[in-house]
Peer 1: 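The structure follows.
Just so you know, ligand 1 is whichever comes first in the structure, and atom 1 is the first atom listed for that ligand.
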Amino acid sequence: MKTALITGITGQDGSYLAELLLEKGYNVYGIMRRKSVVDYGNVEHIKEKINFIYADMTDPISLINAMKISQADEVYNLAAQSFVATSWEQPLATADIDGIGVTNILEAIRIVKPTARFYQASTSEMFGLVQEMPQTENTPFYPRSPYGVAKVYGHWITKNYRESYNMYACSGILFNHESERRGKEFVTRKITNAVARIKFGLQDCLELGNMDSKRDWGHSQDYVQAMWLMLQQENPDDYVIATNETRTVREFVEKAFYYADIEIEWSGTGIDEVGIDKGTGKTVVKVNPKFFRPAEVEVLLGNPQKAETVLGWRRQIDFNNLVKRMAENDLGLIKNSLNK
Ligand code: NAP
Ligand code: G4F
């Protein structure tokens, strides 16, 4: 039986990865931050099957301890301050957790069990102001937020430990991936949650920032498969995980309303643009400049060819299915909350 240690186990990806590894017969350890109220987040439903260790990415002692207790064969570093907008409000905490935190966990592995295999959650945000279309493993980075900058450090220190110490250390450069478990501050879940609330009369309007922004969106359940595959190869390497399709935020909005049987008609431009419910004539989408970012990543589009060829990875859930699953889930949650 293999043993895995997951940092960020309470988050979106951590929960799907924990489910996958449990299915494969792994002994799963997860690190958790101490909070005033105990909260298992997205792994509440499987908490009895997981061995939890209190630790924090900014505390190397706690990570050494986590390695000593778990003696993990595979370590998946998914912990991060992962919300780009917050990284301007908390640039140093973001750097500590998402940047230096990677060195902390790599050192813990090197000191306690250097043969453990390591996965680093790198991101398409490192491409930022994109230097070519589509982005591949060889596209130069140009991060556009404190989050992106911290992740570039995490990416390079992972590569550096691989080359310096011959450690089995990989980075997955994952493009946006969403799910029913996505935090409600991220645009996709913000949209599907608002669509459900509007449908059931709990909210009048959805306020968004830059709707022209384009993202390459996949489903988290598909993407955690790629993380696992990266640690099963003969040699460690870095891989882009993406769908090779890009859509605007506006397209996501239209599609989410569609699954709630609402057709959206757009009117106006720039900050005056509105989305109107064709059936009722009511304005259900508005622009609020408060959601604009100091610097924007306008477009992301990833080429997953290397992962498909070398790892045999294929995404199963396409854009329509992703939005459908998220919209139906939120419609169900809001409906149930009203019936209670
Ligand atoms: P998420 O839902 O925000 O989960 C983040 C996790 O990190 C949570 O479990 C959180 O714990 C934990 N965490 C935050 N700060 C920590 C600290 N100081 N010490 C220990 N744990 C800490 O993020 P996700 O969407 O699952 O993403 C997983 C990873 O992939 C992140 O590193 C993210 O940056 C990266 N990534 C995500 C995407 C995407 O589109 N989802 C794309 C590329 C890369 P709490 O529950 O205590 O807050
Ligand atoms: O959903 P978002 O907040 O995700 P973002 O910034 O692309 O970051 C996510 O994906 C990265 C991978 O590329 C991860 F590394 C990162 O951890 C995170 O998971 O925003 C998506 C786009 C942005 O262009 C944003 O400006 O949507 C635009 N947007 C427009 N209105 C909005 C809003 N974003 C949010 N969160 N809220 C809005 O009201």
Side-chain angles (χ1 to χ4, degrees), residues 6-18 30-35 39-43 53-59 62-63 66 76-87 90 93-94 96-98 100-102 104-105 119-128 135 143-145 147-148 150-151 154-155 171-179 181-191 194 206-220 223-224 227 241-242 248-250 252-253 285-300 302:
I6 304 176
T7 76
I9 197 163
T10 55
Q12 171 187 257
D13 292 2
S15 68
Y16 285 113
L17 180 65
I31 74 157
M32 225 174 122
R33 292 194 280 184
R34 193 264 160 191
K35 289 178 191 155
D39 178 9
Y40 294 96
N42 284 305
V43 284
I53 303 167
Y54 279 111
D56 193 293
M57 295 310 294
T58 60
D59 182 344
S62 71
L63 297 174
Y76 296 87
N77 183 35
L78 309 186
Q81 188 304 92
S82 72
F83 190 42
V84 173
T86 293
S87 76
Q90 299 178 18
T94 304
D96 277 349
I97 301 166
D98 302 10
I100 302 299
V102 186
N104 290 340
I105 184 81
Y119 172 85
Q120 166 58 14
S122 287
T123 165
S124 48
E125 276 291 304
M126 300 188 304
F127 297 124
Q135 296 86 56
R144 293 272 280 172
S145 63
Y147 169 80
K151 283 285 187 176
H155 184 83
S171 285
I173 307 175
L174 271 53
F175 282 61
N176 295 55
H177 47 282
E178 318 293 314
S179 76
R181 299 179 191 167
R182 187 60 141 153
K184 289 189 182 121
E185 67 276 35
F186 297 94
V187 79
T188 55
R189 188 79 197 284
K190 178 176 172 181
I191 295 167
L206 162 65
E207 293 190 346
L208 292 170
N210 179 13
M211 285 195 281
D212 292 321
S213 176
K214 293 176 99 174
R215 289 291 181 274
D216 179 328
W217 277 300
H219 195 290
S220 172
Y223 286 38
V224 299
M227 298 176 187
I241 304 297
T248 60
V249 170
R250 195 178 291 98
F252 196 105
V253 171
V285 188
K286 273 187 203 160
V287 176
N288 186 337
K290 123 174 156 192
F291 298 111
F292 291 159
R293 294 179 177 176
E296 179 62 284
V297 173
E298 298 291 348
V299 60
L300 290 172

Peer 1: For ligand 1, find out whether one of its N or O atoms is nearer than 3.5 Å to an N or O atom of Gly14.
Peer 2: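 In fact, backbone or side chain, Gly14 has no N or O that close.
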Peer 1: Relative to ligand 1, is Met32 under 4.0 angstrom through side chain, backbone, both or neither, heavy atoms considered?
Peer 2: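 Neither part.
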Peer 1: Does any N or O of ligand 1 fall below 3.5 Å from an N or O anywhere on Lys151, backbone included?
Peer 2: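 Yes, since at least one N or O of Lys151 sits under 3.5 Å from an N or O of ligand 1.
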Peer 1: I'd like to check whether Asn77 has a polar contact with ligand 1, where a contact means an N/O of the residue lying under 3.5 Å from an N/O of the ligand.
Peer 2: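 Asn77 vs ligand 1: no N/O contact under 3.5 Å.
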Peer 1: Nearest non-hydrogen contact with atom 3 (O) of ligand 2 belongs to which option: Arg293, Lys190, Glu185, Glu298?
Peer 2: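 The residue whose heavy atom sits nearest atom 3 (O) of ligand 2 is Arg293.
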Peer 1: Looking only at distances, can you tell me whether any N or O atom of Ala80, backbone or side chain, sits closer than 3.5 Å to an N or O atom of ligand 1?
Peer 2: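 For ligand 1, there is an N or O atom that lies under 3.5 Å from one belonging to Ala80.
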Peer 1: Can you give me every donor-acceptor pair (side chain of residues 293-300, partner residue at least two apart or in another chain, under 3.5 Å) with its distance?
Peer 2:
| unit_1 | atom_1 | unit_2 | atom_2 | d |
| --- | --- | --- | --- | --- |
| Glu296 | OE2 | Asn210 | ND2 | 3.2 |
| Glu298 | OE1 | Asn210 | ND2 | 3.4 |

Peer 1: Just to be sure I read this right, does ligand 1 sit under 4.0 Å from the backbone of Arg33, its side chain, both, or neither, counting only heavy atoms?
Peer 2: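 Side chain only.
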Peer 1: Could you walk me through whether Phe291 and Leu208 satisfy the side-chain contact (heavy atoms from CB on, under 4.5 Å) test, starting with their C-alpha distance in whole Å, then the side-chain angles of each, then the deciding distance to 0.1 Å, before giving a yes or no?
Peer 2: CA-CA 6 Å; Phe291 298 111; Leu208 292 170; 5.7 Å; no
Peer 1: May I ask you to identify, for Ser122, whether its side chain, its backbone, both or neither come under 4.0 Å of ligand 1 on a heavy-atom basis?
Peer 2: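 Within the 4.0 Å criterion, Ser122 contacts ligand 1 through backbone atoms alone.
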Peer 1: Please classify the Phe83 to ligand 1 contact at 4.0 Å (heavy-atom distances, strictly less than): side chain, backbone, both or neither.
Peer 2: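 No part of Phe83 comes within reach of ligand 1.
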Peer 1: Please list, chain by chain and in numerical order, all residues satisfying side chain to side chain contact (heavy atoms under 4.5 Å, CB included) with Arg33, sequence neighbours excluded.
Peer 2: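 Result, side chain to side chain contact (heavy atoms under 4.5 Å, CB included) vs Arg33: Asp56.
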Peer 1: Could you pull out, from Val187, Asp98, Val297, the option with a heavy atom nearest to atom 33 (C) of ligand 2?
Peer 2: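 The nearest heavy atom belongs to Val187.
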Peer 1: Test your reading of the structure: does Gln81 have an N or O sitting under 3.5 Å from an N or O of ligand 1?
Peer 2: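 The answer is no, given that Gln81 and ligand 1 share no N or O pair closer than 3.5 Å.
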Peer 1: Please indicate whether any nitrogen or oxygen in Thr188 is less than 3.5 Å from any nitrogen or oxygen in ligand 2.
Peer 2: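 By distance alone, the answer is no.
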Peer 1: As a quick check of understanding, evaluate side-chain contact (heavy atoms from CB on, under 4.5 Å) for His155 and Met126, giving each step before the final call.
Peer 2: CA-CA 9 Å; His155 184 83; Met126 300 188 304; 3.6 Å; yes
Peer 1: Look at atom NZ of Lys286 and say whether more than 12 heavy atoms of other residues, nucleotides or ligands are closer to it than 6.0 Å.
Peer 2: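 Not buried by this count: 12 neighbours or fewer within 6.0 Å.
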Peer 1: Do any N/O atoms on Asn176 end up under 3.5 angstrom from N/O atoms on ligand 1?
Peer 2: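 For ligand 1, there is no N or O atom that lies under 3.5 Å from one belonging to Asn176.
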Peer 1: Can you find an N/O atom of Val84 closer than 3.5 Å to an N/O atom of ligand 2?
Peer 2: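 By distance alone, the answer is no.
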